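Working notes, beginning with the structure itself.
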Amino acid sequence: MSDIPRDISHDQHAVRRQKLADLRAAGTDPFRANFRTTHFSGEALKAHVEGQENAVTVAVAGRLVVIRDMGKSQFVKILDQQGQIQLYVKKDVIGDDAYVAFKKFDLGDIIGVKGTLFKTKTGEVTVRVEQLLLLAKALRPLPEKWHGLSDPEQVYRQRYLDVIVNPESRARLMLRSRIVSHMRRFLETRQFIEVETPILEATAGGAAARPFVTHHNALGVDFFLRIATELRLKRMLVGGFDRVFEIGRIFRNEGVSRRHNPEFTMLEVYEAYSDYRGMMALIRDLLTTLCRDVLGTDEIKHAASGQMINFGGEWREAKYKDLVRAETGDPQWFERSKAGKVAAAEKLGLQVHPGWEDFEVTNEIFSKRIEPNLVQPTFVTHLPRELCPLAKLTPDDPTTLDVFELCIGGMEIAPAYSEQNDPDAQRAMFERQAGEEKQNIDEDFLLALEHGMPPAGGMGVGIDRLCILLTGAESIRDVILFPQLRPS
RNA sequence: GGGUCGAUAGCUCAAUGGUAGAGCAGCGUCCUUUUAAGUCGUUGGUUCUGGGUUCGAAUCCCAGUCGACCCA
């Protein structure tokens with residue numbers, strides 16, 4: 001290879017390129033196709049029988065992450081899906097030629113080995129290697145071995161490196177998979193049906209958010225990326241799918257922050273012949289079984305406050321208006337004029353936009369002063385009717401809704417409604433909300449409602465935020481494999 | 001969008017405006033039960049980019065790129 005300079009010892013990429021070229025020149029395939037493993041690392045560790053050395057044979061494969069070279073023998077470790085396992089490679093076991101070849105392996109290479117299990121004198125179950133193969137040559141070096149990768153930009157852009165060298169990242173992201181998996185099992189055992197609804201929509205409804213726009217060439221029309229799955233899932237209620245859910249990617253064309261990624265994952269679940277009270281029981285069961293079965297504890301440390309969040313005890317229930325009255329110290333808050341509310345909010349140190357409606361001023365107090373302090377699981381019920389146009393009014397108080405917002409760890413985790421199924425009431429709400437922009441009303445959804453939707457409870461669960469909470473992460477980026485960044 | 005902070009070897013980090021260093025990794029040596037293995041030696045830099053100030057800039061100034069945090 002004439003394009004490789006003579007002294008390349010300082011350039012790890014060039015050194016590895018040279019090794020690759022040497023392997024090929026010697027007729028070895030550095031990217032071998034087939035190696036059959038018998039065990040993952042964790043399974044192999046369990047397969048060792050106490051007191052019986054070299055009795056069990058295993059074939060394991062993974063990335064070389066530790067090399068401790070002692071001349072004619074080496075202890076090395078490989079990493080696979082289940083973690084690390086130590087290998088003992090001995091010259092007089094594998095033979096001179098194989099040992100020479102093995103010495104050329106680099107940290108980061110992916111290898112497969114076959115051998116027997118034994119316990120070292122320090123008590124670590126280890127594979128005594130009899131055969132080994134290079135399965136994939138790594139041409140780039142791994143990050144440093146005990147500080148790992150800490151540059152946040154590289155952690156997010158090259159997540160594959162982060163999860164190789166940072167065990168806590170690996171564990172956190174694997175925990176997310178188990179959380180989602182638990183949700184599916186939980187709902188399926190309660191006879192909920194998982195469905196998939198369109199991401200490209202002609203009208204983006206079901207929430208108040210700015211959508212992404214894209215274009216379909218063949219049809220010659222613009223589409224929106226969905227901002228919620230709500231209106232599609234309700235159509236399925238009309239169609240007789242009485243218990244449905246979707247775990248789906250939602251897209252909102254808004255800011256990026258510690259709590260916001262432009263695409264995020266939401267569970268939406270709808271149950272016919274239930275209501276917001278039924279949803280309370282459902283989410284409580286879901287979260288307590290999640291804690292018990294996945295985390296193995298019903299107490300989780302809340303990073304921001306240092307408090308322990310207790311999922312096992314009583315869950316507080318409080319009316320939105322009562323919380324606002326208590327926070328403002330004003331029993332007559334909802335009877336005050338808008339000017340009075342604005343003055344009081346500003347006195348609390350909040351910035352109030354001139355164009356805001358009455359309820360928006362109040363809600364600013366809720367989201368800035370009340371919600372962040374709801375650390376223990378709290379159902380905030382009976383929100384003002386202006387806040388959710390898709391829910392039923394409270395029968396004995398037409399200014400509020402039969403809804404709750406479950407807040408935990410100072411975050412809104414799950415809103416739930418007694419779903420509006422009166423097509424005329426729903427149209428009136430849409431029209432009030434749309435104002436001049438009547439073309440944004442989802443007429444097809446209203447048509448579906450006119451066919452009759454069973455009374456139902458419905459709920460959305462922000463999975464990313466739930467994962468922040470349950471994994472103790474500081475940012476949404478830590479629970480999303482590839483968070484959105486500006487292209488580099 | 002605004003403010004604050006940051007970017008130096010593959011990685012983690014040092015360096016009063018005065019010769020850019022360390023650990024790990026790499027390269028070469030010794031070592032057949034190591035645990036951040038040890039040992040001896042050693043290579044490696046467009047200091048994010050572009051301007052400016054200065055006898056002299058990683059360092060000071062301006063602009064930009066990317067990121068983090070806070071605010072909107």
Side-chain angles (χ1 to χ4, degrees), chain A residues 4-19 22 53-54 64-79 83-96 98-99 102-109 115-129 138-162 164-167 210 253-261 303-304 349-356 360 364 367-368 372 473-478 483-488:
Chain A
I4 295 176
R6 254 220 321 245
D7 178 19
I8 56 170
S9 67
H10 60 277
D11 183 339
Q12 304 191 47
H13 185 224
V15 167
R16 288 168 184 236
R17 281 257 170 223
Q18 182 64 59
K19 286 184 183 178
D22 292 345
E53 302 308 318
N54 300 311
L64 207 39
V65 289
V66 174
I67 296 177
R68 288 195 270 268
D69 182 354
M70 290 172 300
K72 297 186 181 62
S73 78
Q74 304 190 29
F75 283 97
V76 304
K77 286 189 176 177
I78 57 171
L79 175 71
Q84 296 186 1
I85 186 167
Q86 180 166 261
L87 314 177
Y88 185 45
V89 183
K90 227 173 148 182
K91 187 178 182 184
D92 53 19
V93 173
I94 64 167
D96 291 0
Y99 197 76
F102 178 72
K103 283 223 161 196
K104 293 195 173 137
F105 289 1
D106 291 305
L107 284 174
D109 288 355
T116 56
L117 295 171
F118 74 104
K119 221 170 200 180
T120 65
K121 67 180 183 189
T122 52
E124 181 165 352
V125 175
T126 301
V127 181
R128 182 176 180 271
V129 174
L139 295 174
R140 302 278 178 179
L142 288 175
E144 202 244 16
K145 66 183 172 191
W146 70 77
H147 296 99
L149 193 62
S150 63
D151 173 12
E153 187 169 357
Q154 214 175 342
V155 163
Y156 300 141
R157 290 196 199 274
Q158 292 183 280
R159 181 67 88 181
Y160 48 92
L161 293 179
D162 174 46
I164 290 168
V165 298
N166 295 334
R210 242 175 91 193
N253 202 343
E254 292 166 357
V256 177
S257 79
R258 230 156 47 101
R259 290 280 155 80
H260 300 87
N261 197 61
L350 297 172
Q351 284 189 0
V352 178
H353 282 238
W356 275 357
E360 290 176 296
E364 181 71 1
S367 55
K368 290 283 157 60
E474 289 178 3
S475 163
I476 196 168
R477 298 181 198 100
D478 296 329
Q484 204 66 53
L485 297 181
R486 194 179 286 277
S488 52

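Labels below follow one simple rule: chain letters A, B, ... track the order of the sequence lines, proteins then strands, and each chain is numbered from 1. Quick caveat: nothing in here was measured; it's all calculated off a predicted structure.
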Check: Which nucleotides of nucleotides 65-72 of chain B have their base under 4.0 Å from a protein heavy atom (B), which only their sugar-phosphate (S), and which neither (-), written as one string 5' to 3'?
Finding: -SSSSS-S
Next item on the list: For A/His147 and for A/Phe75, find the nucleotide of RNA chain B with the closest heavy atom, then tell me which residue's nucleotide is more 5'.
Entry: A/His147
Check: With distance as the sole criterion, do the side chain of A/Gln12 and the base of B/A25 form a donor-acceptor contact below 3.5 Å?
Finding: yes
Check: Taking the side chain of A/Lys72 as heavy atoms from C-beta outward, which of B/C31, B/C27, B/C24 is closest to it?
Finding: B/C31
Checklist line | Candidate nucleotides B/C24, B/U32, B/G10, ranked by approach to the side chain of A/Lys145 - the nearest | finding: B/C24
Next item on the list: Give the rounded distance in Å between these two atoms: CG of A/Asp106 and C1' of B/C27.
Entry: 11 Å
Next item on the list: Quick one: list whatever passes salt bridge (charged side-chain N to carboxylate O under 4.0 Å, His left out) with A/Asp478, sequence neighbours left out.
Entry: none
Check: What is the nucleic acid contact for A/Lys119, judged by heavy atoms within less than 4.0 Å: base, sugar-phosphate only, or nothing?
Finding: nothing
Check: Using Watson-Crick and G-U wobble pairs with both distances under 3.5 Å, what is the 5'-to-3' dot-bracket string of RNA chain B, with [ ] for crossing pairs and | for pairs outside the strand?
Finding: (((((((..((((....[..)))).(((.(.......).))).....(((((..]....)))))))))))).
Notebook entry, point to check: Reckon A/Phe118 touches a base, only the sugar-phosphate, or nothing at all at heavy-atom distances under 4.0 Å?
Noted result: base
Margin query: Would the base of B/U34 count as contacting A/Gln86 through its side chain, where contact means a donor and an acceptor less than 3.5 Å apart?
Written below: yes
Check: Looking across every strand, which nucleic acid part, if any, lies under 4.0 Å from A/Gln154 by heavy atom: base, sugar-phosphate, or nothing?
Finding: sugar-phosphate
List every contact pair, protein side and nucleotides 42-49 of chain B side both N or O, where the distance is under 3.5 Å.
none

Check: When A/Leu149 is tested against each of A/Leu142, A/Ile164, A/Val165 for side chain to side chain contact (heavy atoms under 4.5 Å, CB included), which residue passes?
Finding: A/Val165
Margin query: Among residues at least two apart in sequence or on other chains, which ones pass salt bridge (charged side-chain N to carboxylate O under 4.0 Å, His left out) with A/Lys103?
Written below: A/Asp69
Checklist line | Residue pairs passing the salt bridge (Lys or Arg N to Asp or Glu O under 4.0 Å) test where at least one lies in residues 142-153 of chain A, sequence neighbours excluded | finding: A/Glu153-A/Arg157
